[in-house]
Each structure stands twice: as structure tokens, then as C-alpha cells.
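Atoms within each ligand, like the ligands themselves, are counted from 1 in listed order. All values derive from a computational prediction rather than experimental measurement.
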Amino acid sequence: MHIHVLGCSGGIGPGLRTTALLIDGQVLIDAGTGVGDLDLPAMRAVGDVFLTHSHLDHVCGLALMADNLFECEAKPLRVHATDATFATLREHVFNWKVWPDFTRLPDAEHALLQFLPLPAGESRGAGGLTLTPFEVCHTVPAVGYAVDDGETVFAFTGDTCADDRLWAALNALRRLDHLMIEVAFPNSEAELGRLSRHFTPAVLGRELRRLKHRPTLHLTHAKPGMEAEIERECRTALEGWTYRHLRTGDIIGA
Ligand SMILES: [Zn+2]
Ligand SMILES: [Zn+2]
């Protein structure tokens, strides 16, 4: 499994891109601003997009990517998400006002975007991988994904905070080699983290004790300008763990 981190930041700025992971060149998890670095052939090679939730930093690239692909008459793009996420996208993004409804273009039968509901707990194959969403705690309905290639297992939590369901889902995996997990705010912003349903280093360090596996951790979604403080605090909070802070363009070789 070759995971190209197209974006992993909690915001934009020079060199910063929001969440998008390209797996084996064919499967995207989330479509934040990171997809803007894909050239057209790379974009056309993507067959499936799995969304964690409806927040703009995770879906804005899908709208723009659809427009690119439509221009070059690409094959349909299969999009997988929960019913709740699709309902929000239909109502607020692909509504002809914010953006054209590419699930009905060029016509409903040959639509560029195929919305394929995928409830948490159900598995779906794509590009030789099996992806299984699991529910997490955020301000809107959200899932993470376990990705299994038959050998190794990679999991991405998406945006989340302390929650029993997260650890139950991860502990139930047959193995867990790499865990990409968010830590968006420093400890000084604990209240904001609690309200916006994101991890801080202290909460993450405490919660990780509930994990039965011992994966390599890949930390993501730091808010711009807060990276140094978060990294400093993680040195204490994540002592004993093998981890790194992801950057745009990193590769996770699972
Ligand atoms: Zn979010
Ligand atoms: Zn986010």
C-alpha cells in the first residue's frame, strides 16, 4: 500500500494543503485542497473517492476536481460516504447554486459523480483494497476508514475527538500497522478542541492508552501557526510511541 499525503493540514498557507490521501494512485480518501496538486492524468487515474465527512476542508477539492474531469470527459468517479454526508453535499454544494450537480451531468444515467452510500461497518473494495468506515465523534456525522490490502492495515481517523466508538473500532481490527490520527490544537486551546471536536496532544496521549495495537502514528490536521506548539507538546504526551508529524507530499508506505 502506497499512501501519498496530498494534504494533511488543518488549514491553508504556503506549502499547506487540507486533507487528501491518494492510495496506490487510484483511491482517494477525502478531497481537500491537496487534490489541486494532481495533474490531469493523475486525476483521471482516480476511480474512487471515500469521504470522511462534509466539512469544506475535506470536500472542496471534489467539486473542483469534478469540473476538471468533466471538461476532459473522464470516466465516472465513484464517491463513497455515509447518507448523512451525501445529504449535506447535495443540499449545500452540488445544488446548482454553489456548484453544478455533477451527479446529474451530463445526464442522470451517465453522471460524472456516482454517489454510493456506504454505512459505517460495511466494507467496500476499491483498487484492490478493502475499505471499512467506522464512526467517530465530530461536530457533524463523520467516519474514519480502515484500509486493508490483505497484508497490512492502515487506518485514518478523519476529524475526531475522544470517543469510545473510535477505540472499539480500531481495537476490533485484525491488525493495525499505521494509524493516521489528528491532533489539531495545542493544549492551550483545549476548550476550542473540545467544542470543535478535535484532539489536543494531552487528550490524544491519554486516549491512546486505550488502543490495543501498537501502530506507527502519523499525526495530521494541525491548525496553521500552531504546529510548533503541538509538536513540542507531543514530545511529552506521546512519549514511547513511534510517531511523526505529517507534511504535504509525505509517503506512508504501509
Ligand atoms: Zn471537520
Ligand atoms: Zn478537517
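Per residue H221, closest N, O or S atom to the Zn ion (ligand 2): atom name NE2. Shortest distance from the Zn ion (ligand 2) to D57 is reached at OD2 (N/O/S atoms only). The minimum distance between the Zn ion (ligand 1) and any N, O or S atom of D159 involves atom OD2. The atom of H55 nearest to the Zn ion (ligand 1) is ND1, with the search restricted to N, O or S atoms.
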**Study point:** Test ring pair (Phe, Tyr, Trp, His ring centres under 6.0 Å) applied to H218 and H245, step by step
**Key:** CA-CA 6 Å; H218 305 269; H245 297 273; over 10 Å; no
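Within the coordination shell of the Zn ion (ligand 1), defined by N, O or S atoms under 2.8 Å, H58 is absent. Residue H53 counts as close to the Zn ion (ligand 1), with an N, O or S atom under 2.8 Å.
When the options T103, L113, V59 are evaluated for a side-chain contact (heavy atoms from CB on, under 4.5 Å) with F94, the one that passes is L113. A side-chain contact (heavy atoms from CB on, under 4.5 Å) with F156 holds for exactly one of V147, L179, T19, I3; it is T19.
Using bins of under 30°, 30° to 60° and over 60° for the plane-to-plane angle, the ring pair F185/H198 lands in the perpendicular bin.
Looking only at side-chain heavy atoms (C-beta outward), L118 and F50 come within less than 4.5 Å of each other.
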